[in-house]
Amino acid sequence: MTFLSSIFKRRSSAPVARDRLQILLAHERIAVGDGKDDLLAKLHREIMEVIKRHIAVDQDKVQIKMDRGAQCSVLEIDVEVPGLTDRAENAKKD
Amino acid sequence: MAKVLVVTSGKGGVGKTTTTAALGAALARAGQSVVLVDFDVGLRNLDLVMGAERRVVFDLINVIQGDANLAQALIKDKRVDTLSLLPASQTRDKDALTPEGVAKIIADLSKKFDWVICDSPAGIERGAQMAMHHADMAVIVTNPEVSSVRDSDRIIGMLDSTTEKAKAGEKMEKFLLITRYDPQRAARGDMLGTDDVLEILSIPLLGIIPESPDVLKASNVGAPVTIAEPESAPARAYTEAARRLMGEKVEVTIPTERKGLFDWLFKRRVA
């Protein structure tokens, strides 16, 4: 069954290439074209500035994930805040 | 006044030099006077592809620096007498390409020829920028492959922003030339199709050059494919592209190899 279906439903790679390029270039054209930053990159930088203003952040404790999609993009910033973890740990000890 | 055409791509190895030689020779064979200018300073190859490597005395940089005049540096093709070549320097680096020097050379060549075809180096650095700076029109050579299409998109952006034409607020004429195209693989869905590439880059199509062993054979013997094997599929595709450059309306097709009876018999016997 799987053998037969793999013959009849051979996945072609060209549509994948086309879709990947369309998404990538949509972002690159904004970034390069106007000489301005990509919105996500800008958001990332400004969010980090705000966090730094209030907390001394260890760069290793910050995880950034970005996923640029056709319909929507996701910017995920995961900051480990030192003070709060200490407090949490202290609370556990008590 | 000459048409100044840049053959560019961003990515290396997609066929800029092959295209420069083939289109230039096709235009010259159609009676136009053509000069091919190699901008790949330090890594010149147009002389080799044109079969003129042993005739280089002076180069582009010599002319820019005043060590030689244009007439001394230009190499006339031995096969088509309306075709000339201005080689790049092999020993100097790209910093020797000054904007003023390049501007003067392009202006001088424009007075002598119908077509000034600039063969751009790969990349987006000085050499590539100098090659495109004075162009009226551009041929963007693209392989149906993701990295080539991405780089072409970047180059199209540069053509529309950094060139003299763009800065003067005029529109640069841009044409897409798809090279190394394999219709069978595209039909199977294993290679980006012409429609895909055109949709992504959205510039007019100049031609589709099929993948063919004749291209390598031509460069082996130092002749543009349009001269070495004029009846081959890639040569016919280049010749039609040249006619489109001259403003003729020619429908874009993908030429295929013409198999004669002899080829057919021979192939049978081998198999």
Side-chain angles (χ1 to χ4, degrees), chain A residues 1-50 59-60 62-79, chain B residues 8-11 14 123-125 128-129 132 140 142-163 166-167 169 171-172 174 176 178 180-203 205 208 211 254:
Chain A
M1 183 62 197
T2 45
F3 174 69
L4 277 180
S5 62
S6 71
I7 286 178
F8 290 114
K9 285 170 72 183
R10 221 169 68 83
R11 281 221 313 264
S12 49
S13 57
V16 181
R18 187 195 52 219
D19 294 347
R20 287 177 59 216
L21 273 169
Q22 273 170 338
I23 293 168
L24 171 72
L25 294 180
H27 289 281
E28 282 191 348
R29 280 170 192 158
I30 300 166
V32 179
D34 308 344
K36 284 182 213 145
D37 282 341
D38 183 348
L39 175 67
L40 289 188
K42 198 172 178 182
L43 277 177
H44 163 222
R45 204 178 49 237
E46 291 186 6
I47 290 171
M48 289 311 295
E49 275 167 17
V50 171
Q59 277 299 332
D60 299 338
V62 181
Q63 283 184 2
I64 301 144
K65 282 184 203 157
M66 212 183 269
D67 188 6
R68 294 183 168 99
Q71 263 74 48
C72 74
S73 302
V74 179
L75 173 68
E76 206 179 302
I77 302 183
D78 206 337
V79 189
Chain B
T8 184
S9 71
K11 191 175 183 296
V14 295
I124 53 171
E125 306 301 322
Q129 286 177 10
M132 70 168 69
I140 294 110
T142 306
N143 290 169
E145 177 267 326
V146 286
S147 53
S148 175
V149 176
R150 179 196 210 174
D151 292 358
S152 293
D153 190 75
R154 184 79 193 274
I155 285 289
I156 291 169
M158 285 179 67
L159 286 164
D160 285 336
S161 60
T162 65
T163 55
K167 283 175 182 163
K171 202 164 156 45
M172 161 88 67
K174 300 178 294 288
L176 180 68
I178 300 177
R180 310 199 72 165
Y181 189 71
D182 185 334
Q184 273 114 39
R185 287 167 74 188
R188 282 203 305 266
D190 291 335
M191 180 182 263
L192 282 170
T194 323
D195 295 344
D196 296 330
V197 182
L198 276 173
E199 189 191 327
I200 293 166
L201 296 178
S202 52
I203 56 170
L205 181 65
I208 304 163
E211 170 88 73
I254 309 165

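Throughout, protein chains are lettered first and strands after them, A, B, ... in sequence-line order, and every chain is numbered starting at 1.
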Inset, instruction - Name the option with the most non-hydrogen atom pairs under 4.5 Å to chain A; the candidates are B:D196, B:V149, B:D153. - result: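 Among the listed options, the one with the most contacts to chain A is B:D153.
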
Looking only at heavy atoms, what is the nearest atom pair of [X] and [Y], with distance?
X	Y	result
A:P15	B:G189	CD-O, 4.1 Å
A:L21	B:V146	CD2-O, 3.5 Å
B:L201	A:R29	CA-NH2, 4.4 Å
B:L192	A:A17	CD2-CB, 3.8 Å

Inset, instruction - Find the distance between CD (B:E199) and CZ (A:R18) and round it off to the nearest 0.5 Å. - result: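 B:E199 atom CD to A:R18 atom CZ measures 6.5 Å (nearest 0.5 Å).
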
Legend entry - Distance, nearest 0.5 Å, that separates OG of A:S13 from CZ of B:R188: 10.0 Å

Legend entry - Salt bridge flag under 4.0 Å for residues B:R154 and A:E28: no

